[in-house]
Amino acid sequence: MKLRIAKPYLTFRTHENAPLRRMCLWQKGRLMAEYQIHFTGSWEGFPVWLDVRRFCGQDVEVEITPELNVDFGQEEEMEIPDLYREDLRPQIHFSVKTGWNNDPNGMIFLQGQYHMYYQYGPCSTRWNNMHWGHAVSKDLIHWEEKPCALCPGPDGMPFSGNAVLDQENRTGLGKAALFFYTATGTGFTLEEGGKGFTQHLAYIPGDEEEMRLYDKNPVLPHICDGNRDPFVIFCEELGDYLMALYHEGEEFGLYRSGDLLHWERFQTLKLKGDEECPNVYPLCTREGVRKWIFTGAHDIYVVGSFQEGRFVVEQEPIPLSFGGIIYASQWIANLEDRTVRVAYEQLGIPSPRFSQQLGIPTEMRLIQNGEQYFLTALPVPEIKTLCVREICEKDLKLSGGELWEIPVEGPAADVEVRFLGQPAGTAVISLLGVEMCLAFSQNSFCMEGVTAPLSRTGRAPRLRAVVDRCSVEVFLDDGAVLAVARCNAHVGKSWFGIQGDTSLYVEFLCCQSLASIWDTSGGKS
């Protein structure tokens, strides 16, 4: 079937129970893009807006295997009724308008805006047909979804990667934002005759806005079956740029380059219990001690340093988050005075329109407790701009069994509780229908089936909880422990409460009711 692409979006319907078919777009005998799609062949099912703006004004040959007659439409914009008003739509977390999203990619601050790219599948609420979606923000909280930045092409799908700013024009491409990513090759899998994964480069030169593909890709050839998810950063200790690349199993490769185009492996590293999506970055403690953090997709990290041209791990791996929800966190490049990261939260929201969300951006720090170093994560201060009502108390004393309770307004809430000394017994905190249990003598925290240590440092217990419609994020011990769970918030319970089975002494308590990040009148954030 020949199609003249006249508008940015190709529209059709899918259904997860329909047979899976392969769709290829051809131009002059060259494969331009390849997809796996559950076509319905009718206008019933999940509505898809497939970004084809790169072909606007051109003819493409559409091949569907096994053959099926599909009545395609074309649209200028996504026209989605009741956008951001859906019952299960997260109100303070980023989620895509429609489709699937997972790993944050290419996070970078450019020209006064935060750019968030992410793995995006427009054809279903399940994973497949990966693109790089794109959203921008001026405050890390309110996001506006933009057209796709990278789409499936002759080299396959664009999998995860990151961004770095080439200030010195080491590539010869000018002062450009560079985006490293994995190209899957066409054919989808090696078993089907597909090419092996390779590492590619895209870039945005100067003050331009659209990505270009480097014309001499790949910058790193296929190494082993699983190699993917490049993460690039300048390493002062090496005097070169460093690339961390997932290999397979628990193995990662470390590569170095002077020009960001030619890479040489100098080390392999195993991260017990983790895989995929490496992040590597330096942090300094308040005392000025500089260490490097290496973390995998499951949020397990090691602390170390570069010595004599190699990364030396200095303590055993530590899980930062508990609950199995946090995945593939990535920090934002080109921030001078802070380290901020965003995580993919694997929630499986049962909405017919979307199913995932990205986490609240968190400020990352490194603390030293004795001879041990701990990574910490706390919500960025910008979240306070959503506050519509705040109630704070100091030096609150509750007798055993006494319930302290206040109403919460708005669709979400942010609560902070600091206890005085080391309490005995247990306490229960309720927030928008989510119950959290703190067992002080057992140093244990639990909620919604998730358990975590209450403290790692031995300090007096502290808790920060952010609850949205489908998620609860709890930051314990000043962020040294992060517990995240799925939840069904509200259910008619719009209040915050705290109660202990013995006397509780609360040094500080603050409950903030939060407004939505979405402008539901116009569909933008």
Side-chain angles (χ1 to χ4, degrees), residues 102-104 119 127 159-162 182 197 223-231 233 242-255 265 267-283 291-305 310-331 341-348 356 359 362 364 366-367 369 371-377 443-457 473-477 479-486:
N102 55 289
D103 309 352
Q119 291 285 282
W127 182 96
F159 272 13
S160 291
N162 86 311
T182 298
F197 291 1
I223 295 162
C224 56
D225 287 352
N227 63 172
R228 58 186 179 272
D229 311 332
F231 187 93
I233 183 174
L242 167 70
M243 176 192 290
L245 183 71
Y246 175 61
H247 280 179
E248 54 194 347
E250 297 176 340
E251 183 182 285
F252 299 81
L254 298 182
Y255 299 75
R265 182 166 58 183
Q267 189 178 349
T268 57
L269 177 70
K270 287 204 171 183
L271 183 56
K272 187 176 180 179
D274 218 329
E275 60 183 354
E276 296 192 319
C277 303
N279 262 214
V280 56
Y281 54 96
L283 283 175
K291 296 292 181 182
W292 281 80
I293 310 299
F294 189 100
T295 183
H298 293 283
D299 226 14
I300 294 174
Y301 67 94
V302 292
V303 178
S305 59
R310 295 180 66 82
F311 179 67
V312 177
V313 176
E314 297 174 348
Q315 59 187 45
E316 291 296 309
I318 303 170
L320 174 61
S321 62
F322 294 77
I325 302 295
I326 293 292
Y327 200 80
S329 299
Q330 186 172 117
W331 69 281
R341 78 168 193 173
V342 176
Y344 160 46
E345 294 187 342
Q346 306 176 94
L347 290 175
Q356 310 296 322
T362 54
M364 309 304 293
L366 186 67
I367 62 170
N369 186 52
E371 296 184 357
Q372 187 89 8
Y373 292 93
F374 293 109
L375 187 62
T376 69
N443 190 33
S444 177
F445 170 87
C446 67
M447 64 170 181
E448 303 291 330
V450 174
T451 60
L454 189 56
S455 174
R456 279 201 166 114
T457 63
E473 294 155 299
V474 179
F475 306 84
L476 300 160
D477 200 13
V481 177
L482 174 56
V484 183
R486 300 176 183 88

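Just so we're clear, the structure is a prediction, and the values are computed from it rather than from any experiment.
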Can any side-chain N or O of [X] pair as donor or acceptor with the backbone N or O of [Y] at less than 3.5 Å?
| X | Y | result |
| --- | --- | --- |
| N443 | S455 | yes |
| N279 | W331 | yes |
| Q356 | L347 | yes |
| Q267 | F311 | yes |
| D274 | I300 | yes |
| D299 | S329 | no |
| R456 | A480 | yes |
| E250 | G273 | yes |
| T182 | D229 | yes |

Closest contact, heavy atoms only, [X] versus [Y]:
| X | Y | value |
| --- | --- | --- |
| V481 | A452 | CG1-CB, 3.9 Å |
| Y246 | G226 | CD2-O, 3.7 Å |
| P230 | S160 | CD-O, 3.4 Å |

Set out, in order, the CA-CA distance, both residues' side-chain angles and the distance that settles salt bridge (Lys or Arg N to Asp or Glu O under 4.0 Å) for R228 and E276, then state yes or no.
CA-CA 7 Å; R228 58 186 179 272; E276 296 192 319; 2.5 Å; yes

H247 and F252 aromatic centres sub-6.0 Å:
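No: the rings miss the under 6.0 Å criterion.
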
Does any part of the side chain of Q330, heavy atoms only, come nearer than 4.5 Å to the side chain of N162, both counted from C-beta?
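SC-SC contact between N162 and Q330 confirmed.
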
Step-by-step side-chain hydrogen bond (donor to acceptor under 3.5 Å, both in side chains) determination, Y373 to Q315
CA-CA 8 Å; Y373 292 93; Q315 59 187 45; over 6 Å; no

